[in-house]
Amino acid sequence: MTVRTRFAPSPTGYLHIGGVRTALFNWLYARKHGGQFILRIDDTDQQRNVAEALQPILDGFRWLGLDWDEGAAVGGPCGPYYQSHKLDRYQEAVRQLLDKGLAYWDYARPEETKAEMEAAEKEKRPKIYSRRWMAVTEADRKRFEAEGRQAAVKLKMPREGVCRFHDHVRGDVEVAWAGEQDTVIQRSDGTVMYNLANVVDDFDMKITHVIRAEEHLSNTPRQIFMLEGLGYPRPEYAHVPAVSEPGSKNKLSKRKIAQYLKNPDFKKMYDHAKALADRVGLTTTPDSFNPVLIDFYKQVGYLPDAVMNYLVLLGWSLDDKTEDFTRQQMIDLFSLDRVVKASASLDVKKLFAFQERYMQAVPVAEKAERALPYLVRAGLVPDPAPAEVRATVGQIVEAAGPRLKVFGDILDYDDFFLPDDQLPYDEKALDKHLRKDPGAGWIGDLRAIVASAEPFDAPTLKQRIEEFIQARGAKPIPVTQTLRVAVTGKEVGFGVYETLAILGRDRCLARIDRALGLLVK
RNA sequence: GGCCCUAUCGUCUAGUGGCCUAGGACGUAGCCCUCUCAAGGCUAAAACUCGGGUUCGAAUCCCGAUAGGGUCACCA
């Protein structure tokens with residue numbers, strides 16, 4: 001039997017990182033077993049524009065490289081893959097359940113149901129519906145309807161016995177049927193609810209392994225009740241732990257971003273990203289720019305492989321030391337029985353550590369290519385970037401080395417693309433390194449070295465300036481810092497000799513002269 | 001509140017009765033390297049929720065407590 005797994009997002013306009021983790025497990029399991037991964041759209045309750053709200057989700061999946069064999073945008077033999085297109089099919093299933101006496105028409109008014117549940121809560125009883133407005137006969141239906149009531153269809157859950165099922169993560173699970181609520185499966189307007197649609201779809205799409213978040217564990221008995229009533233085979237289940245918020249075990253939520261930002265590590269990572277986003281003109285509302293959403297990492301310039309590698313370890317491990325996995329290794333080594341049972345908190349610092357490591361392995365040319373769009377969007381380089389600009393970007397990327405942690409970090413080196421007469425200078429740095437000695441006394445000679453070094457490359461500059469340092473009996477740091485501030489306006493950056501070389505002699509001299517001009521306030 | 005689930009360093013985790021003086025990773029601290037900033041190297045601090053059992057022996061098995069989480073919608 002071919003393994004078939006699925007992920008069923010509802011088109012909300014964003015892709016939650018916890019959802020991605022669950023999707024990843026499904027994808028890995030399908031790929032490992034040579035099966036199919038299906039992307040189905042749970043839009044039973046959607047009034048919004050599905051196509052529009054779906055786009056970011058599909059884009060996210062494509063960016064991550066989680067390809068799907070059937071489903072949204074690609075179709076397949078078990079469609080439709082949109083729940084909103086299957087109402088007739090679902091209603092037929094509801095009818096079957098009704099015919100078999102496994103479901104019933106219920107005429108309770110919402111406020112009546114609510115009152116019962118509140119009473120149960122108060123008396124510390126299980127919240128089980130009394131079936132007081134259940135229509136048993138056709139006469140009951142007429143009577144209730146004469147009262148102006150509307151009917152929903154509810155499941156007639158067993159009131160005794162236990163439901164048993166095996167779960168690949170939890171082991172054998174047992175729950176008493178008596179504790180299961182008579183869930184609504186069809187609303188009074190005729191549309192159906194998630195639980196019913198889910199069961200029907202999993203059957204129609206021949207899903208063999210239902211791998212989903214732990215929060216669905218409690219849905220499982222009623223789904224089993226339905227699928228058995230409908231005569232469907234039971235899929236295998238694996239309920240994976242939820243991804244929880246930083247520093248707690250609460251479910252991760254994009255709405256709680258303000259709270260997460262109180263965590264210093266989280267805030268630091270966010271602020272770094274936000275600064276980049278602002279430079280390239282991205283909107284940074286919590287709905288669009290949020291570390292809980294996968295798009296955030298895409299926008300800032302993370303590597304999908306790094307994100308995937310971090311995510312696969314959120315609730316799964318291979319052994320006591322292996323942490324780095326290529327896609328293929330993940331596929332080969334993943335197994336459900338090594339999924340952890342406890343929920344795992346999102347740790348953006350660790351995610352960032354994976355990003356750093358993966359980034360270091362990216363060849364310079366590729367880094368430059370992928371960093372370039374950030375410069376374009378920031379308006380620092382023209383759109384089809386000329387060859388010499390691309391070459392400069394390559395040199396910067398090379399010189400920056402491990403300092404470039406996400407592609408957006410290229411903006412840290414924006415000063416290379418600024419006209420020399422617009423370069424901002426850090427006043428404090430000017431005070432410290434150029435307005436007073438020893439820097440003030442050196443800069444003239446340093447300028448002369450820059451003017452005369454031949455060839456004008458990093459090794460030559462290094463040699464000449466080291467000679468200068470030696471001749472003066474100076475410490476290297478103040479000298480290089482003086483030079484650095486004079487040509488970049490800042491105290492930090494990558495190697496000063498590389499900086500000079502990339503800038504070229506003319507620009508270096510122009511900048512030094514401009515700095516000298518700024519010394520007199 | 002009912003039902004269900006979970007419980008090892010701050011965080012992600014290894015651990016399935018003796019290999020545990022509890023291992024790895026991120027983070028943190030210190031040192032080294034170094035033209036600043038990074039990166040890199042080395043070192044360190046850091047955990048079995050508690051209480052009872054079972055056993056020669058328990059992080060590992062059992063019971064209880066505690067804590068946290070999920071769920072109980074005409075949401076998905």
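Below, read A as the first sequence line, B as the second, and so on, with proteins coming before strands; counting in each chain starts at 1. Only a predicted model underlies this, so the values are computations on that prediction, with no experimental measurement involved.
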* Would you mind telling me which residue lines up with the more 5' stretch of RNA chain B, N250(A) or Y194(A), judged by nearest nucleotide? => N250(A)

* For F354(A) and for M193(A), locate the closest nucleotide of RNA chain B by heavy-atom distance; then report the residue assigned to the nucleotide nearer the 5' terminus. => F354(A)

* Check the side chains of R212(A) and T220(A) for a donor-acceptor pair under 3.5 angstrom, ignoring hydrogens and angles. =>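 Yes, R212(A) and T220(A) have a side-chain donor paired with an acceptor closer than 3.5 Å.
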
* Taking atom types as modelled, find out whether E467(A) and Q463(A) have a side-chain donor-acceptor pair closer than 3.5 angstrom. =>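 Distance-only check passes for E467(A) and Q463(A).
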
Counting only Watson-Crick pairs (N1-N3 plus N6-O4 or O6-N4) and G-U wobbles (N1-O2, O6-N3), all under 3.5 Å, who is the partner of [N]?
N	answer
rA67(B)	rU6(B)
rA73(B)	none
rU55(B)	none
rA46(B)	none

Would you say [N] has OP1 or OP2 under 4.0 Å from some side-chain N or O of [X]?
X	N	result
R338(A)	rU13(B)	no
T44(A)	rA76(B)	yes
S345(A)	rC12(B)	yes
K249(A)	rC5(B)	no

* Who are the ring-ring contact (aromatic ring centres under 6.0 Å, His included) partners of Y14(A), not counting sequence neighbours? -> none

Remember a base hit wins even if backbone is also touched, and classify [X] as base, sugar-phosphate or nothing at under 4.0 Å, heavy atoms.
X	answer
K349(A)	sugar-phosphate
K350(A)	base
K251(A)	sugar-phosphate
K405(A)	sugar-phosphate

* For the pair H168(A) and H166(A), name the ring-plane relationship: parallel under 30°, tilted 30 to 60°, perpendicular over 60°. => perpendicular

Using the side-chain heavy atoms of [X], tell me which of these nucleotides is nearest: [options].
X	options	value
V340(A)	rU6(B), rA14(B), rU36(B)	rA14(B)
N219(A)	rU11(B), rA76(B), rC35(B)	rA76(B)
A353(A)	rC74(B), rC35(B), rC26(B)	rC26(B)

* Who pairs with D201(A) by side-chain hydrogen bond (donor to acceptor under 3.5 Å, both in side chains), at least two apart in sequence or on another chain? ->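 If we apply the side-chain hydrogen bond (donor to acceptor under 3.5 Å, both in side chains) test to D201(A), skipping adjacent residues, the hits are Q83(A), K86(A), Y90(A).
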
